[in-house]
Amino acid sequence: MDDTTRRRRSEFFDAEESSRFAFPAVGDERTLLVHVLAAQRATLELKCTGLDTELARRPVEPSTLSLLGLVRHLADVERRWFRTVLAGQNASPRFSSTENPDGDFDGAAPDPEVIVGAWRAWHEEVAFADAYVAAAPHLDVEGHDSWRGRVSLRWVLIHMIEEYARHNGHADLLRERIDGARGM
C-alpha cells in the first residue's frame with residue numbers, strides 16, 4: 001500500500017494494539033460495557049505511549065489541554081464516579097479542587113514525578129473502579145450525585161465510555177501535533 005492509499009489508522013496501530021477491540025460483540029450487558037470501557041482506557045494509554053515529558057506539552061494554543069492533563073482529569077473522573085458517587089466514599093479529587101477546578105490540566109507539568117504520580121493515580125482509580133464493578137451484584141446499583149441525582153452503575157459505565165471516547169478524540173489531535181503520530 002503506498003502513502004496515498006494508507007489509512008490513518010495504519011500509521012499508529014498495528015495488529016497487537018488492535019487487540020484492544022478483539023472482545024466478543026455479543027454477550028450480557030455488563031460484560032460488553034466493561035470490555036468497551038477497558039478498550040477506551042487502553043486507547044488513552046496507547047495515545048501516550050513513547051512519550052515522557054512531552055505528555056505535558058500543550059500543542060494547540062491557547063488550549064490548556066495536554067495528554068498528561070487528560071490522564072490527570074480521567075483519574076479524577078474515575079475517582080468521582082466510582083469512589084464518591086457509587087461507593088459513597090468521601091474521596092476528594094486528586095488533581096482539581098473547588099479553589100482550582102482546572103488543577104488537573106493546569107498542574108500537568110513536564111516533571112517526571114508529576115508524570116509518574118498521574119499514571120499511578122490513574123491506575124489506582126481504574127483498579128478501584130474495576131473491582132467495584134466486579135463486586136456489584138447488578139447494574140442497577142445506585143449512588144447519588146450532586147449533579148445528576150440518582151445514578152445507576154449502568155449509567156456510570158455508559159457515561160465513562162462517553163467520557164473516554166470524547167477525550168480520546170482530543171488525545172488523537174494532541175498526539176498528532178506533538179510528533180505526527182496519527183490514529184483513529
For this session: May I ask you to test the E54-D179 pair for a side-chain heavy-atom distance under 4.5 Å?
Result: no
Exercise. Do V34 and D130 come close enough that some side-chain heavy atom pair is under 4.5 Å?
Worked result: no
Exercise. Rounded to the nearest 0.5 Å, how far apart are CZ of R154 and CG of D140?
Worked result: 4.5 Å
For this session: Could you check if a side-chain atom of L33 sits within less than 4.5 angstrom of a side-chain atom of M160, using non-hydrogen atoms only?
Result: no
Exercise. Is R57 reaching over with its side chain to a backbone N or O of I178, donor-acceptor style, under 3.5 angstrom?
Worked result: yes
Seminar exercise, completed: The reported gap from CH2 in W119 to CG in L68 (rounded to nearest 0.5 angstrom) is 8.5 Å
Exercise. Is a side-chain N or O of R30 found less than 3.5 angstrom from the main chain of D28, in a donor-acceptor match?
Worked result: no
Exercise. Between S152 and L139, is any pair of side-chain heavy atoms under 4.5 Å apart?
Worked result: no
Exercise. In Å and rounded to the nearest 0.5 Å, what is the CD to OG1 distance from E45 to T43?
Worked result: 9.5 Å
For this session: Compare all side-chain heavy atoms of V85 with those of H144 and state whether any distance is below 4.5 angstrom.
Result: no
Exercise. Which class fits the ring pair F128 and Y132: parallel under 30°, tilted 30 to 60°, perpendicular over 60°?
Worked result: parallel
Problem set entry | Joint cluster assignment, V116 & V126, ILVMFWY side-chain distance < 4.5 Å | no
Exercise. Can you list every salt bridge (charged side-chain N to carboxylate O under 4.0 Å, His left out) pair that touches residues 158-167, not counting sequence neighbours?
Worked result: E162-R166, E163-R166
Problem set entry | Transitive ILVMFWY side-chain link L55 to L65, under 4.5 Å | yes
For this session: With rounding to the nearest 0.5 Å, note down the distance linking CZ in R72 to OG in S66.
Result: 8.5 Å
Problem set entry | Test: E78 and R41 ion pair at under 4.0 Å | yes
Problem set entry | salt bridge (Lys or Arg N to Asp or Glu O under 4.0 Å) assessment of D76 paired with R80 | CA-CA 6 Å; D76 273 355; R80 175 174 184 258; over 6 Å; no
Problem set entry | S97 (side chain) donor-acceptor with P93 (main chain) under 3.5 angstrom | no
Problem set entry | Contact summary for G107 and V114, nearest pair of heavy atoms | O-CG1, 3.7 Å
Exercise. So do the side chains of D52 and P112 get within less than 4.5 Å of each other, counting heavy atoms only?
Worked result: no
Seminar exercise, completed: Rounded to the nearest 0.5 Å, the CG atom of L46 sits from the CG atom of N168 at a distance of 9.5 Å
Problem set entry | Non-hydrogen side-chain atoms of L173 and V60 separated by less than 4.5 Å | no
Problem set entry | Ring-ring centroid check H73 F95, cutoff 6.0 Å | no
For this session: Carefully, step by step, assess D172 and R182 under the rule salt bridge (Lys or Arg N to Asp or Glu O under 4.0 Å).
Result: CA-CA 7 Å; D172 273 336; R182 299 190 306 179; over 6 Å; no
Exercise. What are the two closest non-hydrogen atoms of V71 and C48, and how far apart are they?
Worked result: CG2-SG, 4.1 Å
For this session: Write out all pairs satisfying salt bridge (charged side-chain N to carboxylate O under 4.0 Å, His left out) with one or both partners inside residues 85-109, taking only residues at least two apart or from two chains.
Result: R94-E124, R94-E125
For this session: Supply the atom-to-atom distance Y164 OH to L74 CG, rounded to the nearest 0.5 angstrom.
Result: 4.5 Å
Exercise. Can you tell if the side chain of L70 reaches within under 4.5 Å of the side chain of H167, non-hydrogen atoms only?
Worked result: yes
Exercise. Do the ring planes of H159 and W155 sit parallel (below 30°), tilted (30 to 60°) or perpendicular (above 60°)?
Worked result: parallel
